[in-house]
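None of the values given here were measured: they were computed from a predicted structure. Atom set for the values below is all heavy atoms of this structure, side chains included, hydrogens, waters and symmetry mates excluded. Proteins come first, then strands; the chains are lettered A, B, ... in the order of their sequence lines, and each starts at number 1.
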Amino acid sequence: MSESSRYQPQAIERQWQRRWAEQGLHRTPALEEGGDTCMALSMFPYPSGSLHMGHVRNYVITDVIARVERMRGRRVLHPMGWDAFGLPAENAAIERGVDPGAWTDRNIAAMREQLQCLGLSIDWEREITTCHPDYYRWTQWLFLQFLEAGLAYQKDATVNWDPVDQTVLANEQVDGEGRSWRSGAVVEKRQLRQWFLRITAYADQLLDDLGGLSGWPERVRTMQANWIGRSRGAEIHFPVVDAEGKDSGERIAVFTTRPDTLHGVSYVVLAPEHPLVETLTTADQAVAVAAFRDLVSRQSEQERTAEDRPKRGVPIGARVRNPASGELVPVWIADYVLAEYGTGAVMGVPAHDQRDFLFARQYELPVRQVIVPVDSDAHDYEGTAWTGPGVLIHSGRFDGLTSEAAREAIVAVAEQEGWGRGQTTYRLRDWLISRQRYWGCPIPVIHCEDCGVVPVPAEQLPVELPRGVALEGRGGSPLAQLKSWVTVPCPSCGRPARRETDTMDTFICSSWYYLRYSDAHNTSLPFSREAVDGWLPVDQYVGGIEHAILHLLYARFFTKVLRDRGLLGFSEPFSRLLTQGMVQGITYRNPHTGKYIAPGDVADPSDPRDPESGERLDTFYEKMSKSKHNGVDPAVVIDRYGADTARMFILFKAPPEKDLEWDDADVEGQFRFLQRLWRLVDGAAERGLSLAGLAAADGGPDGTAPSCAAPSGADLSAGERELRRAVHTAITAVSEDLQGDFQFNTAVSELMKLSNAMAEHLADVSDAVAVEALRTLLLLLAPFAPHLAEELWGRLGGSGGSVHLQAWPVADPAALVRDTIPLVIQVKGKVRGNLEVPADADRATLEKLAVESDIAAKWLEGRSPSRVIVVPGKLVNLVP
RNA sequence: GCGCCCGUAGCCCAAUCGGUAGCAGGCAGGUCACUUAAAAUGACUCCAGUGCGGGUUCGAAUCCCGCCGGGCGCACCA
């Protein structure tokens with residue numbers, strides 16, 4: 001084999017990347033040209049400085065989609081940017097004294113370089129970087145929009161404090177175990193004055209619009225719905241009475257989803273932190289209450305909300321009157337009532353709420369049944385409350401109503417008599433956005449002693465982040481130390497005032513970046529209405545499931561607010577969402593020491609041993625990470641096999657939404673496949689085959705014309721017909737795989753099938769049939785292995801410029817037609833044989849052929865079937 | 001506890017509507033050819049009856065019920 005005919009990706013990939021860039025092949029077409037647009041978007045990365053396999057998977061998936069859509073004739077926007085504010089830069093500054101901006105820019109340069117090695121068809125002219133003033137100017141501008149709309153506000157609140165990162169966090173950024181999403185530290189509660197965005201004002205829309213997101217995974221929609229956590233019920237006011245039983249004027253508001261159980265209340269419980277505890281506690285209970293509150297305050301969130309822990313509480317001495325029945329019941333505080341949810345107070349209905357039931361048992365409080373189950377036996381209240389629906393008893397004028405009817409009736413009476421109303425509460429809290437850190441977008445407001453909070457006038461934006469700030473990592477807001485920056489004249493009265501020194505949560509920057517791509521260089525607005533409405537919503541968004549609630553919820557919120565401000569004309573930012581699975585590496589761990597061993601240190605993978613102790617190691621796949629020594633560096637893989645192999649492997653190894661197990665042997669296999677393609681085309685070129693001259697028969701990139709001057713007619717040989725069928729089957733299959741669900745793994749396997757069929761038949765078919773097959777193969781390959789497809793296209797004399805400028809092939813239905821098909825003969829549902837039958841035979845013919853076949857004779861032993869099921873094109877089932 | 005998803009050869013994965021489980025594909029293994037030999041390449045080949053138990057059906061990987069195993073989300077949210 002001559003040197004020039006070997007597949008050497010290193011020799012061709014760089015060169016093509018350069019040529020594509022020179023030709024501006026991936027530049028976004030102008031919106032004014034009209035026609036169908038498509039925005040394909042990957043979640044933009046944090047510029048850590050090194051690309052990992054998860055990034056590669058993400059961007060390759062989006063790239064294939066962008067490339068296919070271009071070939072299908074759509075005008076594609078496929079941009080990239082950098083989520084560039086954030087703590088790693090600031091921490092690097094603290095540890096090594098480097099400038100966070102310079103550090104970030106260096107990382108961006110390095111990662112951009114690595115990304116370009118992948119052959120991604122990104123329009124780099126629209127690159128955005130959230131930490132650059134030309135971007136964050138508009139982040140600040142948008143913040144002022146929120147402020148103006150009354151959707152940004154400051155308040156004192158109990159907030160999550162991350163002791164490692166020395167800043168507050170939003171609720172979404174703390175996981176189920178009470179740990180920070182970034183640092184993993186258990187968060188503490190602190191009482192601080194902070195900035196919030198009023199996301200709760202959009203809770204209903206955010207929840208209701210999930211129903212229309214049919215292009216999103218069910219899983220993500222459920223997660224968001226759970227997070228928003230809407231529950232409908234009522235707020236009921238219980239008047240507090242004094243020792244004589246007279247109304248004191250105070251009232252306790254409780255939230256309940258079961259107003260129908262109001263007559264079953266045997267006590268009312270406040271959260272220990274509830275403000276009324278101070279005023280309502282009687283002298284004789286003061287000591288016990290103080291002790292209990294102290295106990296609760298020393299428990300962590302986790303301890304307090306742990307499963308199955310006994311509920312504890314103490315009475316505070318006060319009593320309230322049930323507004324419906326007039327009955328007097330005691331007031332308690334208990335650890336199972338949360339201050340942050342609802343009104344921070346509940347009515348205790350032991351008979352019909354399991355928590356109240358357990359609490360009542362513990363403290364011997366009365367259990368009063370007011371709901372009788374209808375369709376089941378009488379409830380025994382041995383260990384559980386009856387929480388189902390039923391009919392009301394012991395409920396005065398509401399007796400006999402069903403739970404459902406009673407809910408409405410009781411709320412109606414409450415509203416009429418002024419002691420309650422229908423109410424909906426949410427689990428969702430307002431979004432805490434201030435951060436006590438330096439490397440973030442400054443909040444553009446000024447605090448004036450006379451004028452209060454004054455927004456920085458739009459024409460003074462951006463409020464630039466001062467450079468050269470000494471960062472020592474002792475927490476607090478670093479900007480506050482910079483007196484010269486902090487002190488400014490009040491824009492309103494001109495007297496000395498102070499700048500806000502907190503910066504914004506970086507999730508704000510990423511809540512609108514996808515909009516900026518539509519108009520990345522606009523200097524008078526974040527984006528024009530025409531551009532944003534022309535390109536968005538994003539047709540296909542691709543990213544990790546870890547943002548199911550965080551980024552994806554925030555972005556939806558921003559979109560709705562900006563719509564209401566008239567800045568854009570749609571309600572949801574992402575029409576379709578693909579959540580890609582993790583890339584996992586083979587991981588070795590010593591089960592005794594718990595130490596992770598690098599695969600390179602394992603001598604024999606079939607019998608993995610600890611290189612030090614010789615102990616047998618556990619082997620499994622886990623998400624690649626430094627600490628587990630199981631990462632594979634994309635740069636190393638690209639150096640060795642080329643980007644096309646890496647792309648093909650990642651797409652082929654698993655369906656995109658599933659986790660992918662990295663396997664070097666499979667990478668090797670993928671490389672071999674590309675080598676086979678190379679040899680296949682090389683052989684064809686030696687034979688003198690050429691794609692030149694086919695241009696006239698091509699369709700334009702409108703995707704409607706046939707892919708090729710189709711060799712047709714009955715004069716084709718059997719082999720030729722078989723190859724053509726394989727070619728057009730591949731077109732159909734790959735096209736379907738790239739529609740909707742994106743089955744890249746099966747699409748690649750279709751390419752393998754086609755190449756196998758070509759290897760078998762190519763030598764025996766006419767030039768016209770061979771050329772059609774070669775051309776189709778390269779067109780189908782182009783989105784997956786863009787460099788190889790381009791190189792081979794060139795070698796075969798492909799006309800019409802780059803393979804990436806060609807129209808996606810269209811299958812010729814005539815080529816798919818078969819003369820005969822194998823008909824499966826079943827007897828009583830069991831396959832007993834095959835019959836070659838004319839493909840167009842009708843039901844009666846099929847039945848006749850089957851019944852008269854030898855197979856039928858053998859298995860029916862002469863009897864005639866009592867029933868015959870015919871599935872045309874597939875099978876005939878004979879039931880004796 | 002509630003909800004969702006998944007379970008197919010040694011491994012990763014396929015299999016429109018229920019219709020031949022793999023001439024879907026790959027990896028690993030085996031045999032052979034080429035070679036002085038090896039690598040590379042090519043050809044052929046081995047391997048499951050779909051986690052388990054029921055049900056519906058002419059026919060179930062696919063639909064229904066109950067278990068088992070794994071993953072994810074929510075969880076004292078009133």
Among [options], the one nearest [X] by side-chain distance:
X      : options                : result
A:N756 : B:rG59, B:rA78, B:rG25 : B:rG25
A:N226 : B:rA78, B:rG73, B:rG25 : B:rG73
A:K753 : B:rG25, B:rG73, B:rU41 : B:rG25
A:S749 : B:rC76, B:rG42, B:rG25 : B:rG25
A:V346 : B:rA78, B:rG26, B:rC58 : B:rA78
A:I549 : B:rG25, B:rG42, B:rG73 : B:rG73
A:Y341 : B:rC27, B:rG42, B:rA78 : B:rA78
A:R679 : B:rA78, B:rC27, B:rU41 : B:rU41
A:Q826 : B:rC27, B:rU20, B:rG25 : B:rU20
A:T256 : B:rA28, B:rA78, B:rG19 : B:rA78

Look through every strand shown and name the nucleotide pairing with [N] as Watson-Crick or G-U wobble, where both distances are under 3.5 Å.
N      : value
B:rU35 : none
B:rG3  : B:rC72
B:rA28 : none
B:rC17 : none
B:rA60 : none
B:rG49 : none

Taking the [atom1] atom in each of [N] and [M], what is the distance between them to the nearest angstrom?
N      : M      : atom1 : result
B:rG51 : B:rG69 : P     : 16 Å
B:rC23 : B:rC47 : P     : 12 Å
B:rA14 : B:rG55 : P     : 31 Å
B:rU62 : B:rG54 : P     : 14 Å
B:rC2  : B:rC67 : P     : 11 Å
B:rC5  : B:rC63 : P     : 11 Å
B:rG30 : B:rA40 : P     : 13 Å
B:rG53 : B:rU41 : P     : 43 Å

Notebook entry, point to check: For the residue pair A:Y267 and A:F359, is the inter-centroid distance of their aromatic rings smaller than 6.0 Å?
Noted result: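 Yes; A:F359 has its ring centre under 6.0 Å from that of A:Y267.
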Specify the separation, in whole Å, of atom [atom1] of [X] and atom [atom2] of [N].
X      : N      : atom1 : atom2 : value
A:E736 : B:rA15 : CD    : P     : 11 Å
A:M347 : B:rC76 : CE    : P     : 20 Å
A:L358 : B:rA78 : CG    : C1'   : 14 Å
A:L660 : B:rC6  : CG    : P     : 19 Å
A:M758 : B:rG42 : CE    : P     : 15 Å
A:L823 : B:rG59 : CG    : C1'   : 15 Å
A:D664 : B:rA28 : CG    : P     : 11 Å
A:K658 : B:rG7  : NZ    : C1'   : 9 Å

Would you indicate, yes or no, if [N] has its OP1 or OP2 atom less than 4.0 angstrom from a side-chain nitrogen or oxygen of [X]?
X      : N      : result
A:R867 : B:rC58 : yes
A:N745 : B:rA14 : yes
A:R219 : B:rG3  : no
A:R672 : B:rC27 : yes
A:T746 : B:rG25 : no

Distance alone, cut at 3.5 Å: any donor-acceptor contact between the side chains of [X] and [Y]?
X      : Y      : result
A:D204 : A:Y426 : yes
A:N160 : A:K189 : yes
A:W386 : A:Q369 : no
A:Q10  : A:R640 : no
A:Q670 : A:Y641 : no
A:T425 : A:Y341 : yes

Relative to its sugar, using the 90° cut-off around 0, the base of B:rG49 is syn
chi for B:rC5 classified (syn = within 90 degrees of 0, anti otherwise) as anti
Ranking A:P655 and A:A665 by the position along RNA chain B of their nearest nucleotide, the one closer to 5' is A:P655
Residue pair A:D659/A:L875 against RNA chain B: nearer the 5' end by closest nucleotide is A:D659
Once you apply a heavy-atom cut-off of 4.0 Å, does [X] come out as touching a base, just sugar-phosphate, or nothing?
X      : result
A:E661 : sugar-phosphate
A:V879 : sugar-phosphate
A:G229 : nothing
A:Y426 : nothing
A:S231 : sugar-phosphate

Taking only nitrogen or oxygen atoms into account, show me every contact under 3.5 Å that the protein makes with nucleotides 61-63 of chain B, one pair per line with its distance.
none

Those residues at least two apart in sequence (or on a different chain) that pass ring-ring contact (aromatic ring centres under 6.0 Å, His included) with A:W662 are A:F649
Can you confirm whether [X] sits close enough to [Y] that some side-chain heavy atom of one is under 4.5 Å from a side-chain heavy atom of the other?
X      : Y      : answer
A:Q423 : A:I236 : no
A:F744 : A:V64  : yes
A:S266 : A:V349 : no

Cationic tip of A:K311 above A:Y336 ring, under 6.0 Å, 45° of axis:
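Yes, A:K311 lies over the aromatic ring of A:Y336.
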Side-chain donor or acceptor of A:Q670 under 3.5 Å from a matching atom on the base of B:rG26?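 Absent.
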